[in-house]
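Report on the following structure.
The chains referred to below are lettered A, B, ... by the order of the sequence lines, with proteins before strands, and numbering in each begins at 1. The analysis underlying the following values was restricted to heavy atoms, covering all of them including side chains, and did not include hydrogens, waters or symmetry mates.
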Amino acid sequence: MAYWLIKSEPASWSWADQVKAGEKGTNWNGVRNHQAKQNLMAMQIGDKAFFYHSNEGKAIIGIVEIIKPFYPDPTDPTGKFGMVDVRAVKPLKHPVTLEAIKADPRLKDMVLVNNSRLSVQPVADAEWKIICAEGGV
DNA sequence: GCCAACGTTGGC
DNA sequence: GCCAACGTTGGC
């Protein structure tokens with residue numbers, strides 16, 4: 001199983017919104033970046049992803065699960081991009097902030113630190129474990 | 001196919 | 001609100 005990190009601005013789609021979407025989850029649309037698309041395409045049902053609040057909060061706040069693999073994004077006029085469906089699994093007891101991630105030398109290679117603009121990122125197994133421990137899950 | 005101009009993202 | 005980093009667009 002692979003691990004990922006997906007980012008959202010809480011003003012447009014927040015963790016609370018994701019939780020409200022419930023078991024059926026929601027489609028993760030609007031990705032318009034090829035690198036992010038590659039990552040979306042590599043996702044499989046059952047993979048887990050951190051839900052990160054960018055701009056406001058700047059913290060990993062919850063965990064979601066991939067419930068539908070890559071399919072075309074109807075909101076993309078070019079038809080080139082796609083999306084997956086995700087559902088909320090559980091919140092972190094303690095959100096792990098960007099500041100905390102940057103302060104941890106074990107997490108210095110995270111994409112979040114080195115390529116902060118990429119909105120869909122892979123997360124290494126070791127990084128996943130560290131952040132789960134930090135987050136109390 | 002190059003590259004300047006422009007738009008967007010996201011941390012600060 | 002600013003601006004650096006990055007991706008995309010479009011003229012040549």
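At a threshold of 4.0 Å, the pair Arg32(A)-Asp73(A) counts as salt-bridged, since one of the basic side-chain nitrogens sits closer than that to a carboxylate oxygen.
For the pair Lys48(A) and Phe50(A), the cation-pi test (distance below 6.0 Å, angle within 45°) is failed.
Taking the side chain as every heavy atom from C-beta outward, Met83(A) and Thr75(A) never approach each other to under 4.5 Å. Between Gln18(A) and Val86(A) there is a side-chain heavy-atom pair separated by less than 4.5 Å.
Between the CG atom of Asn33(A) and the P atom of dG7(B) there is a distance of 19 Å, given to the nearest Å. The separation between His34(A) atom NE2 and dC6(C) atom P is 17 Å, rounded to whole Å. When rounded to the nearest whole Å, the span between CG of Asn115(A) and C1' of dC6(C) equals 8 Å. For the pair Arg32(A) CZ and dT8(B) C1', the computed distance is 13 Å after rounding to whole Å.
If you take CG on Leu118(A) and CG on Leu5(A), they are separated by 9.5 Å, rounding to the nearest 0.5 Å. Taking CD1 of Ile63(A) as the start and OH of Tyr3(A) as the end, the distance is 9.0 Å to the nearest 0.5 Å.
Considering Glu127(A), Arg117(A), Gln121(A) as possible partners of Val111(A), the one that fulfils the side chain to side chain contact (heavy atoms under 4.5 Å, CB included) test is Gln121(A).
Between its two ends, the helix from dG1(B)-dC12(C) to dC12(B)-dG1(C) turns its axis by 10°, counting five pairs per end and rounding to 10 degrees.
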Do any N or O atoms of the protein come closer than 3.5 Å to N or O atoms of nucleotides 10-12 of chain B, and which pairs are they?
residue	atom	partner	partner atom	Å
dG10(B)	OP1	Lys7(A)	NZ	3.1
dG10(B)	OP1	Arg117(A)	O	3.1
dG11(B)	OP1	Tyr52(A)	OH	3.1
dG11(B)	OP2	Asn55(A)	N	3.1
dG11(B)	N7	Asn55(A)	OD1	3.3
dC12(B)	OP1	Lys102(A)	NZ	2.7

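In summary, the aromatic rings of Phe51(A) and Trp28(A) are positioned with their centroids under 6.0 Å apart.
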